[in-house]
Structure formats: structure tokens, C-alpha cells
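Residue numbers begin at 1 in each chain, while the letters A, B, ... track the order of the sequences.
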Number of protein chains: 2
Amino acid sequence: MSSVEKSDLLKIVGKKIQETRESKGFTQVDLAGKIIGEFDTTNVSRIESGRTNPTLYTLYRIAEALEVSLSELLNIEDCETEI
Amino acid sequence: MSSVEKSDLLKIVGKKIQETRESKGFTQVDLAGKIIGEFDTTNVSRIESGRTNPTLYTLYRIAEALEVSLSELLNIEDCETEI
DNA sequence: TCCACACTTGACATATTTGACAAGTCAAGG
DNA sequence: CCTTGACTTGTCAAATATGTCAAGTGTGGA
């Protein structure tokens, strides 16, 4: 509910993606390789660092590659907003 | 896990947004009005019908306006994939 | 019939994501 | 040193999301 700013939202979600990826022991290269369709490590990097505002479908493909649900990946309720 | 196609994903999420909006008794106009920043009913319509692939921040703003979490709004696990 | 409301659809300009490639940083190891 | 691996950063073209306006559809009420 906290009405997070756009740039903070992107950073929070990016960090969540990064944490999930690392917890699975994947590198960004691994992740990009597992994603459906074409996907460059460049994009992984940009999304993880919050420099880009990914689309729903992109988030979905990342969630799939990370073997978690979209819902889990975007569960930012309990996130420390320590940006 | 079912590896939904892009167009189906957009329709499923769109429908979920519509259902959530209607359950709150909002019209598309109400919703657009409650969304942070500029937002047109045109966009609500396009997103609900799955004709557009919304960005993370757009989804977040919609979730806020609907008073649900992003995670809830994108919980499509239990969705009938009856497209 | 006429009007208002809710929603859809088309077109358009602008901004931005995506995808692709090249180059740069930085750390660990040979 | 030098190389390799992981990641970042820049640029570019193409596709598309967003924001805006205008017009169209359908429904229900006065």
C-alpha cells in the first residue's frame, strides 16, 4: 500500500529477481539461456538493476525460467525498502 | 508452469484485473481516475482485454488503485485457462 | 426517441522496452 | 601478466506501451 515510487519499485523487483536467481545458483547467462524465446543477458542485467520497466510477458518468462510463479516473484510486501 | 502463450497470458491477467475491478464496484472510469499519474480509460480497456502487454509499473499502479497487492493481482495459478 | 453511461476501437505522437552487439569493469586463477 | 567468467554499460534499430483524442457500440432510463 505504501505507494512506492516507480524507480524504487523497479529496484525492489529487480533485487527480488536477482535473489531468486542466485538462490537457484544460476548466473545471468544461465537465466537468459533458460528463458523462452530470445533473451539477452543485457536485459537480465538491466532488469535486475532496475534500469528498465519490464513488461508482463517478460516478467512471466523470467518467472518461468526461475521456476517460481509470477505471484511469488512479485511478492514485494515483505521487502525491506532499503533502496 | 504450463508455459502459457503471450496472448493467453495477457488475456488471463486482463480478465483478472477486470474481475477485481468489478468486485470492487468500480467502472473503468473510476479505476482510471484512481490511478496515480495520468491514465486513460483507453488503457484500462486495452489491458483488460489483453490487447496490450503492460509494464511492471503500470500493473503496480492498477493494483494500488484496486487496493490489492501486485502479487494477488498476478496470481494466475488457479485460473481456468478457458480462453 | 433521445440522452447518458460504460466501454471499445482507431489513429497518432512520444517514450521506452526489447533484442543484438561491442566494449568495459572486476575478481579469481593460471 | 594474461585469460576467463560474470556482469555492466553504451549504442542502435525495431517493436510496442503509454497517453490523448475522437468516434463508434450497446444498454438502460427519462
Side-chain angles (χ1 to χ4, degrees), chain A residues 3-67 70 73-74 76 83, chain B residues 3-67 70 73-74 76 83:
Chain A
S3 203
V4 178
E5 272 194 20
K6 177 173 178 180
S7 65
D8 290 340
L9 174 73
L10 301 191
K11 283 180 197 146
I12 292 169
V13 172
K15 185 188 267 191
K16 185 106 181 178
I17 291 173
Q18 181 181 14
E19 285 168 357
T20 306
R21 173 177 63 79
E22 289 175 345
S23 78
K24 302 273 180 175
F26 297 152
T27 65
Q28 289 185 351
V29 176
D30 294 333
L31 177 57
K34 286 171 68 77
I35 291 176
I36 298 166
E38 303 305 324
F39 214 94
D40 202 76
T41 56
T42 304
N43 293 324
V44 178
S45 181
R46 287 193 283 223
I47 291 167
E48 284 190 359
S49 58
R51 244 169 306 115
T52 232
N53 179 16
T55 62
L56 174 58
Y57 184 55
T58 294
L59 290 167
Y60 172 76
R61 285 184 296 164
I62 292 173
E64 273 223 315
L66 290 175
E67 298 159 14
L70 246 189
L73 200 61
L74 297 180
I76 58 178
I83 301 299
Chain B
S3 203
V4 178
E5 272 193 22
K6 178 174 177 179
S7 65
D8 289 340
L9 174 72
L10 301 190
K11 283 180 196 145
I12 292 170
V13 172
K15 186 188 266 190
K16 185 104 181 179
I17 291 172
Q18 181 182 13
E19 285 168 358
T20 307
R21 173 177 63 78
E22 288 175 345
S23 79
K24 303 272 178 175
F26 297 152
T27 65
Q28 290 185 349
V29 177
D30 294 333
L31 177 58
K34 286 171 69 77
I35 291 176
I36 298 167
E38 301 304 324
F39 214 95
D40 202 76
T41 57
T42 303
N43 293 323
V44 178
S45 181
R46 288 193 283 222
I47 291 168
E48 284 190 359
S49 59
R51 245 169 306 116
T52 233
N53 179 17
T55 62
L56 174 57
Y57 184 56
T58 294
L59 291 167
Y60 172 76
R61 285 184 296 164
I62 291 173
E64 273 223 315
L66 289 175
E67 298 159 14
L70 246 188
L73 199 61
L74 297 179
I76 58 179
I83 301 298

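Going from atom OH of A/Tyr57 over to atom P of D/dA17 covers 13 Å, rounded to whole Å. For the pair A/Glu48 CD and D/dT8 P, the computed distance is 7 Å after rounding to whole Å. The nearest whole Å value for the distance from the CG atom in B/Asp40 to the C1' atom in C/dT8 is 12 Å. When rounded to the nearest whole Å, the span between CD1 of A/Ile35 and C1' of C/dG19 equals 12 Å. Regarding A/Ile17, its CD1 atom lies at a distance of 14 Å from the P atom of D/dC7, rounded to whole Å. A straight line from CD1 of A/Ile47 to C1' of C/dG19 spans 11 Å, rounded to a whole angstrom. At whole-Å resolution of the value, CG in B/Leu10 and P in C/dT17 are 17 Å apart. At whole-Å resolution of the value, CD1 in A/Ile36 and P in C/dT18 are 15 Å apart.
Taking only side-chain atoms of B/Asn53, from C-beta outward, the nucleotide of D/dA6, C/dT8, D/dA17 with the closest atom is D/dA17. Between D/dA17, C/dT18, D/dG19, one nucleotide has an atom nearer to the side chain of B/Thr55 than all others, and that is D/dA17. Considering only the side chain of B/Thr42, C/dT9 comes nearest among C/dA22, D/dG19, C/dT9. In the set D/dC21, C/dT8, D/dA6, the nucleotide with an atom closest to the side chain of B/Gln28 is C/dT8. Listed candidates were C/dA20, C/dT17, D/dT20. Nearest to the side chain of A/Glu38 is C/dA20. Side-chain proximity of B/Arg46 to the nucleotides C/dT18, C/dC7, C/dA11 is greatest for C/dA11. Closest to the side chain of A/Arg51, from the set D/dC21, D/dT8, D/dC7, is D/dT8.
Using modelled atom types, one side-chain atom of A/Arg21 and one backbone atom of A/Phe26 make a donor-acceptor pair closer than 3.5 Å. Checked by atom type and distance alone, the side chain of B/Asn53 pairs as donor or acceptor with a backbone atom of A/Tyr57 at under 3.5 Å.
The shortest distance between the side-chain N/O atoms of B/Thr41 and the OP1/OP2 oxygens of C/dC7 is not below 4.0 Å.
Within the 4.5 Å cutoff, the side chain of A/Leu10 has heavy atoms near those of the B/Leu56 side chain. Within the 4.5 Å cutoff, the side chain of B/Thr20 has no heavy atoms near those of the B/Ile62 side chain.
Summarising the geometry of B/Leu73 relative to B/Lys16, their closest heavy-atom pair is O-CG, 3.3 Å, with the distance given to 0.1 Å.
A/Asn43 comes within 4.0 angstrom of a nucleotide base, judged by non-hydrogen atoms across all strands.
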